[in-house]
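As structure tokens, the structure follows; a few thoughts come after it.
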Protein chains: 2
Amino acid sequence: MPKRGKKKEEEEESGGDGTGPSPAKAARACPAPPYEDPPPREATPEGRRWTLKVSSWNVDGLRAWLRKGGAQWVQEEAPDVLCLQETKCAAAAVPAEVRALPGLPHQFWCSAKDRPGYSGVGLLARSEPLDVTYGIGDPEHDADGRVLTAEFPSLFVVCAYVPNAGRGLVRLEPRLRFDAAFLQFLRRLDARKPVLLCGDLNVAHADIDLCHPRANRASPGFTPQERDGFSRLLAAGFVDSFRHLYPAARGAFTFWTYLGGARARNVGWRLDYAVVSQRLLGALCDSKIRNTVPGSDHCPITALLAV
Amino acid sequence: MPKRGKKKEEEEESGGDGTGPSPAKAARACPAPPYEDPPPREATPEGRRWTLKVSSWNVDGLRAWLRKGGAQWVQEEAPDVLCLQETKCAAAAVPAEVRALPGLPHQFWCSAKDRPGYSGVGLLARSEPLDVTYGIGDPEHDADGRVLTAEFPSLFVVCAYVPNAGRGLVRLEPRLRFDAAFLQFLRRLDARKPVLLCGDLNVAHADIDLCHPRANRASPGFTPQERDGFSRLLAAGFVDSFRHLYPAARGAFTFWTYLGGARARNVGWRLDYAVVSQRLLGALCDSKIRNTVPGSDHCPITALLAV
DNA sequence: CCTTTCACG
DNA sequence: CGTGCAAGG
């Protein structure tokens, strides 16, 4: 029964955990050392201090994440809005400790229909949103529990868990359809108010955004089509806040597969983003990658805005 | 999603983990304190010292049992034959540490066909058996991986994992058919050589053999039909070695459900037996219940014979 | 409560 | 490697 056999270093650098043609190789560390998240820029270049802190985390199972102390970090970070992805947890099963998270009384949960334990997102907020919507208005994708949108007075916060293209890219086509539909959804929001999109977008945009770009050219999360989807997002007037502020930062990843001890060697991918409407750039103070925080195969990220 | 909700003390005293009508009640300890396994009787009443030590253990998953240190105890006990039940493990997946168990080089594994992770038995021996047979020669049951028989010069050792009647007794009928077919199988063996039957027979024979007999009159493992099956075994010339030697021993259990912390309160069942052909009684030195040994929801038992 | 498998990542 | 599920006990 060598199904669970240890091939060890086979797809250690594979991002969406795909079927990349990663050749077997030794457990070497990433040439780029882990990004060191600098002390926060507390204000905009014009000197306006941040007033909104939004964190995002793919928790890979809300209940397991809670057992591993994830809620602890939330209390230390004390965000005004918290976006969670891959909760794998129906709203009714959200543990009381999460419901009672100090400072985040307004909670919204969206999970996959008829698929317990799959996907799911949550949005927790200090102040009550003006409105909250579930999904992107596309029946093909909205059964999955992937998008939550909270309207606040000055902006929309969108929490998203973009579908994985799957091993062997078996679900690349639906993924690309999601990308297109999601972009239209974001454009419509952006026409009304500026948008802050946070979440696991399941793509590394450029070579600098993953440890082994060459080996993963055909891996889910780094196919040309997925990367193009992200480029189209940028072309539509949205900005990758982290890359905008730190254009040359290397080794800045937010995901490391559990396989083969990838995280210890920083064999990672940047899949989690805080993306802002261009006209929100003047309000952007900082975009943080909390890559030392344990609790999931993703780390949390945090955006600071003066809105 | 209160599927995993804590009903706590609902079927804590249910044996085969059935659907007994056990009323909800406080987590009280069993009135009978845990049986204290006395120092071994090293010889028969006639003074012949034991020459054969046979242990039996329902391991509830061979690999989990190994992780919990089960093999450690085997080395301390150093049996000549070891019978394992509920290995939940195909022969090819038996870990190397088990294959290398000192003193038990002759190993035989029988697992369920087309049902990975279900049932399964193993028989390990110091000396090579003259013959080993798989199953009982009944196609209805032999796909399950429940019986291994090893022929030695002076006796047959049968390792058995009798089918559970299932929650709500949904599989009581096949269980009773197994009992009947198995008894015929044992009679045929017994006609050739004396038999030592070891294993999880999935029945508590009498009130004294479980903590809460009244509450479990309709539970799998204590229905009148299953108890009658055991009585028929005895009527056919077989002897329950433990009860023969310790007719009044109370609180002597070999199984405690994981639910509700039953083991800590000794809310248990005696489901594991060393049964001998009557003419082997003169060779019986002792029948041990190792009820302090961890590693499974069952504890191991050991028979000592002068053969 | 705890094992196994499975799909998914 | 690790999540949550299902079936089994």
For [X] and [N], what is the distance between atoms [atom1] and [atom2] respectively, to the nearest whole Å?
X: A/Tyr161; N: C/dG9; atom1: OH; atom2: P; answer: 5 Å
X: A/Lys88; N: C/dG9; atom1: NZ; atom2: P; answer: 8 Å
X: A/Arg175; N: C/dG9; atom1: CZ; atom2: P; answer: 11 Å
X: A/Trp65; N: D/dC1; atom1: CH2; atom2: P; answer: 25 Å
X: A/Gln85; N: C/dG9; atom1: CD; atom2: C1'; answer: 14 Å
X: A/Asn58; N: D/dG4; atom1: CG; atom2: P; answer: 12 Å
X: A/Arg167; N: D/dG2; atom1: CZ; atom2: C1'; answer: 12 Å
X: A/Phe255; N: C/dC8; atom1: CZ; atom2: C1'; answer: 12 Å

Any side-chain N or O of [X] under 4.0 Å from OP1/OP2 of [N]?
X: B/Lys68; N: C/dC2; result: no
X: B/Tyr118; N: C/dT3; result: no
X: B/Arg63; N: C/dT5; result: yes

Q) Can a cation-pi geometry be assigned to A/Arg146 and A/Tyr161, taking NZ or CZ under 6.0 Å from the six-membered ring centre and within 45° of the ring axis? A)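 Positive - A/Arg146 is close enough to the ring of A/Tyr161 and near enough to its axis.
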Nucleotide nearest [X] when distance is taken to its side chain, options [options]:
X: A/Tyr258; options: D/dG4, C/dT4, C/dG9; answer: C/dG9
X: A/Arg171; options: D/dT3, D/dA6, C/dC8; answer: C/dC8
X: B/Arg67; options: D/dC1, D/dG8, C/dT4; answer: C/dT4
X: A/Leu259; options: C/dC2, C/dG9, D/dA6; answer: C/dG9

Q. Between A/Leu62 and A/Gly261, who's closer to the 5' end of DNA chain D by nearest nucleotide?
A.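 That would be A/Gly261.
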(Q) Looking only at the side chains, is there a donor atom on one of B/Gln85 and B/Asp200 sitting less than 3.5 Å from an acceptor on the other? (A)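 The criterion, which ignores hydrogens and geometry beyond distance, is not satisfied for B/Asp200 and B/Gln85.
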Q) Taking only residues two or more places apart in sequence, or in another chain, which ones meet A/Tyr273 in a ring-ring contact (aromatic ring centres under 6.0 Å, His included)? A)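 For A/Tyr273 the ring-ring contact (aromatic ring centres under 6.0 Å, His included) partners, ignoring immediate neighbours, are A/Phe230.
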Q.
List the residues meeting ring-ring contact (aromatic ring centres under 6.0 Å, His included) with A/Trp65, not counting sequence neighbours, and say none if there are none.
A.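 In terms of ring-ring contact (aromatic ring centres under 6.0 Å, His included), with neighbours along the sequence ignored, A/Trp65 is linked to A/Trp57.
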Q: Look at all strands and tell whether A/Arg115 reaches a base, only sugar-phosphate, or nothing, counting heavy atoms closer than 4.0 Å.
A: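 If one applies the 4.0 Å heavy-atom cut-off, A/Arg115 turns out to touch the sugar-phosphate alone, with no base involved.
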Q: Scan B/Arg263 against the nucleic acid and name what it touches under 4.0 Å (heavy atoms): base, sugar-phosphate only, or nothing.
A: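 The residue B/Arg263 makes no contact with any strand.
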Q) Do A/Leu201 and A/Val275 come close enough that some side-chain heavy atom pair is under 4.5 Å? A)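 Answer yes - side chains close enough.
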